[in-house]
Protein chains: 2
Amino acid sequence: MLAVSSRITIRDVSRATGVSVSTVSNALNAPERVAPETRRKVVEAADRLGYRPNRAARALPKGRTFTIGYCIPAGRDGFFLDTFLHQVTERASDADMDILLFTAHRGQTEVDTFREIIRRGAVDGFVLSGTTHDDQRVDLLLESRMPFVAFGRTDLGSTHSWVDVDGRAGTRAAVEHLVDTGHRRIALIAWPEGSISGDDRVAGFVEGLEAAGIEHDPALLVRAENDLAAGREAASHLLDADLPPSAIVTVQDILAAGAIAELNRRGLRAGPDVAVTGFDDSPPALYSTPALTSVRQPIEEIGRTIVEFLIHDLEEGDGIPRTRLVDPELVVRESSGGP
Amino acid sequence: MLAVSSRITIRDVSRATGVSVSTVSNALNAPERVAPETRRKVVEAADRLGYRPNRAARALPKGRTFTIGYCIPAGRDGFFLDTFLHQVTERASDADMDILLFTAHRGQTEVDTFREIIRRGAVDGFVLSGTTHDDQRVDLLLESRMPFVAFGRTDLGSTHSWVDVDGRAGTRAAVEHLVDTGHRRIALIAWPEGSISGDDRVAGFVEGLEAAGIEHDPALLVRAENDLAAGREAASHLLDADLPPSAIVTVQDILAAGAIAELNRRGLRAGPDVAVTGFDDSPPALYSTPALTSVRQPIEEIGRTIVEFLIHDLEEGDGIPRTRLVDPELVVRESSGGP
DNA sequence: ATCGGTCCGTAAAACGTTTTAGGTCGGGAT
DNA sequence: ATCCCGACCTAAAACGTTTTACGGACCGAT
């Protein structure tokens with residue numbers, strides 16, 4: 001369909017007020033350069049006509065697009081994409097910026113796509129998520145001097161802005177909670193070694209045990225991929241041991257769901273018989289029976305902070321890396337003997 | 001931070017090849033207008049320099065932004081936003097378009113924000129979701145002649161493009177499945193009257209009963225808001241009846257989760273004792289114990305079709321409304337006595 | 001009276017493309 | 001020889017803004 005609806009341009013406002021195009025622009029962007037009466041006339045006419053500067057036309061001379069890029073991850077990133085994106089978008093909107101959503105082109109790597117977006121001059125900066133140790137996107141962005149803020153740390157953590165959850169504090173809190181309710185034999189189902197947040201969560205587990213003066217039994221730490229079946233299997237392995245644990249901590253809700261399923265299969269109840277805790281406080285945690293005790297990441301705060309950092313960088317242009325580690329919160333529910 | 005990285009413009013390619021700017025543009029956009037040898041030279045140089053036309057600059061003379069708008073809903077829309085957005089973005093990317101994500105400005109209605117986006121000439125068309133009976137956004141878009149495709153029907157269904165799930169067929173399939181496994185006393189937990197998809201799902205329930213020759217007992221249809229507690233309460237009400245149901249159909253997984261929680265509280269087991277089915281096949285359905293029988297909406301297909309319709313409209317410009325009702329699929333799990 | 005300075009407004013250039021309207025050249029038909 | 005046409009290329013205008021540089025008017029000070 002043809003772009004109809006004859007859009008209102010600055011020229012229409014100029015005609016309506018009898019004042020030049022430049023004066024209209026000045027009246028709207030730099031009010032101090034224009035006589036109060038003229039400004040009033042212009043603003044009134046612009047309002048009446050419903051004039052809004054064309055995005056693309058504005059971007060050209062400004063050298064800014066008023067757009068933030070976000071690459072939507074290929075594999076589902078978890079359940080908070082929803083919340084995260086909403087928060088990011090809302091905050092961006094407060095600063096009059098929009099979000100450009102893109103995804104890796106077919107047959108291209110994600111980094112290639114980032115490069116494309118940069119070359120096209122499509123955005124002023126990026127929000128990253130799902131960072132890895134040596135994240136290639138970070139290399140590219142640093143190299144091209146593109147402002148960005150990452151959700152998650154990387155190996156280059158000190159040279160760029162990031163916001164992350166203190167996962168270590170999270171699992172540690174879970175362990176402390178279990179110790180407080182009388183558990184001594186506490187197991188952990190973790191991911192395979194090598195991911196930043198995974199290793200961090202393991203560290204918190206160990207730390208929590210140490211703080212409670214409990215010796216860490218290596219047999220009680222098993223690794224599993226992040227899916228239901230793997231969680232089930234890992235739990236089964238733990239429960240078959242000579243001295244099975246009385247509590248199972250996991251690094252992700254799905255693993256916890258797997259553990260609960262395995263308990264059910266054996267006629268045991270999560271909570272009364274074996275305590276289980278998850279991580280992320282994703283919807284399944286809340287809706288499962290029994291409801292899952294889980295470590296909640298403050299996604300809203302994270303999204304808000306990320307945009308705040310990015311906008312600051314864009315406006316002030318100082319390029320100084322800013323970082324923030326936010327505290328997660330343990331939400332106690334039935335699966336660990338809570339209410 | 002200043003936009004550094006001295007971007008490559010068409011002028012650079014022009015200089016590198018010794019050919020005019022217009023020829024470069026033609027070589028890249030309308031190859032037939034340029035001699036083969038020249039074209040080769042231009043393409044080679046463009047490749048070598050990594051030239052990509054600037055988005056904003058291109059939008060101006062083209063009168064197209066190569067962008068599709070999507071307003072991220074305020075309340076969480078469900079769990080498929082993730083999947084849906086990914087699909088939409090990927091398909092858009094196939095057609096060389098990006099997604100502009102926005103959200104209602106503070107203190108403005110969603111419609112106001114749509115109007116803003118249109119006035120700014122920020123997008124070529126929209127993808128809508130979460131439509132209501134008399135959706136104001138639809139009115140606005142039709143009025144401004146903006147191409148768009150809705151996920152979900154509206155009262156103006158015949159005048160615009162939409163893609164929707166046949167919810168009626170979904171609940172009907174759930175009822176049929178329950179009848180097949182021997183149930184006769186089947187209840188429904190539905191939403192309050194008035195939503196398109198909710199009423200549709202109720203209709204499917206009634207239809208299913210009729211088809212099986214079962215008389216519909218009004219006492220077995222209760223209404224509840226879409227949250228866990230409400231589902232719990234509704235189930236409790238049903239189970240307290242003189243003739244409690246042997247199976248409970250729900251119009252959403254969260255209501256089903258509530259029902260299961262209530263069953264558990266009473267020492268009953270979902271599946272063996274009372275069958276329960278959900279709708280949406282959201283993550284909680286899969287991860288709950290027992291795993292939930294649910295009606296799965298083919299989100300990938302929906303997202304793909306929506307973009308397909310929109311791109312077609314944009315390219316062909318015929319503006320003819322296209323519609324598609326896709327069939328959902330019943331996924332049988334333990335909560336209804338499945339494997 | 002002339003000068004200098006402010007205030008207010010405007011014309012014009014610039015941003016990086018695409019597209020329109022020619023322009024030049026060579027060759028085939030007359 | 002002239003004319004016409006097609007093939008190839010280019011200059012220039014256009015898209016809708018912002019911004020720079022300048023000009024006129026007015027005013028107070030010399």
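This structure is a prediction, so every number in the text was calculated from the model and none was measured.
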> Using whole Å, what does the distance between atom P of nucleotide C/dC7 and atom CZ of A/Arg39 come to?
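Going from CZ in A/Arg39 over to P in C/dC7 covers 13 Å.
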> Considering the terminal five base pairs at each end of the helix from C/dA1-D/dT30 to C/dT30-D/dA1, what angle separates the two local helix axes, rounded to 10°?
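Inter-axis angle at the termini of the helix from C/dA1-D/dT30 to C/dT30-D/dA1: 70°.
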> Apply side-chain contact (heavy atoms from CB on, under 4.5 Å) to B/Gln108 and list each qualifying residue two or more places apart in sequence or on a separate chain.
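With neighbours one apart ignored, the set is B/His105, B/Asp112, B/Thr113, B/Glu116.
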> Of all residues at least two apart in sequence or in a different chain, which pass the salt bridge (charged side-chain N to carboxylate O under 4.0 Å, His left out) check with A/Arg322?
A/Asp318
> Who pairs with B/Tyr51 by ring-ring contact (aromatic ring centres under 6.0 Å, His included), at least two apart in sequence or on another chain?
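For B/Tyr51 there are no ring-ring contact (aromatic ring centres under 6.0 Å, His included) partners, ignoring immediate neighbours.
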> Identify, with sequence neighbours excluded, every residue that meets side-chain contact (heavy atoms from CB on, under 4.5 Å) alongside A/Arg91.
A/Gln87, A/Asp94, A/Arg304, A/Val307, B/Arg106
> If you restrict it to nitrogen or oxygen atoms, what contacts under 3.5 Å exist between nucleotides 23-25 of chain D and the protein, and what is each distance?
none

> Give the rounded distance in Å between these two atoms: CZ of A/Arg40 and P of C/dC8.
16 Å
> Nearest to the side chain of A/Arg33, which nucleotide is it out of D/dT20, D/dC9, C/dC8?
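Nearest listed nucleotide: D/dT20.
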> Using the ring-ring contact (aromatic ring centres under 6.0 Å, His included) criterion, which residues pair with A/Phe309? Sequence neighbours excluded.
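In terms of ring-ring contact (aromatic ring centres under 6.0 Å, His included), with neighbours along the sequence ignored, A/Phe309 is linked to no residue.
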> Reading nucleotides 10-17 of chain C from the 5' end, what letters show protein touch, with B for base, S for backbone sugar-phosphate only, - for no heavy atom under 4.0 Å?
BBB--BBB
> Applying salt bridge (charged side-chain N to carboxylate O under 4.0 Å, His left out), name anything that partners A/Glu301, two or more places apart in sequence or on another chain.
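Salt bridge (charged side-chain N to carboxylate O under 4.0 Å, His left out) check on A/Glu301 returns nothing, list empty.
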> Who are the side chain to side chain donor-acceptor pair (under 3.5 Å) partners of B/Thr103, not counting sequence neighbours?
none
> Whole angstroms only, please: what is the CG-P distance between B/Leu28 and D/dC9?
13 Å
> Taking only residues two or more places apart in sequence, or in another chain, which ones meet B/Glu37 in a side-chain contact (heavy atoms from CB on, under 4.5 Å)?
B/Arg40, B/Lys41
> Taking only residues two or more places apart in sequence or in another chain, which ones pass ring-ring contact (aromatic ring centres under 6.0 Å, His included) with A/Phe126?
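A/Phe126 satisfies ring-ring contact (aromatic ring centres under 6.0 Å, His included) with A/Phe114 once adjacent residues are dropped.
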> Decide, yes or no, whether a salt bridge links A/Arg39 with A/Glu32 under the criterion of side-chain N to carboxylate O below 4.0 Å.
no
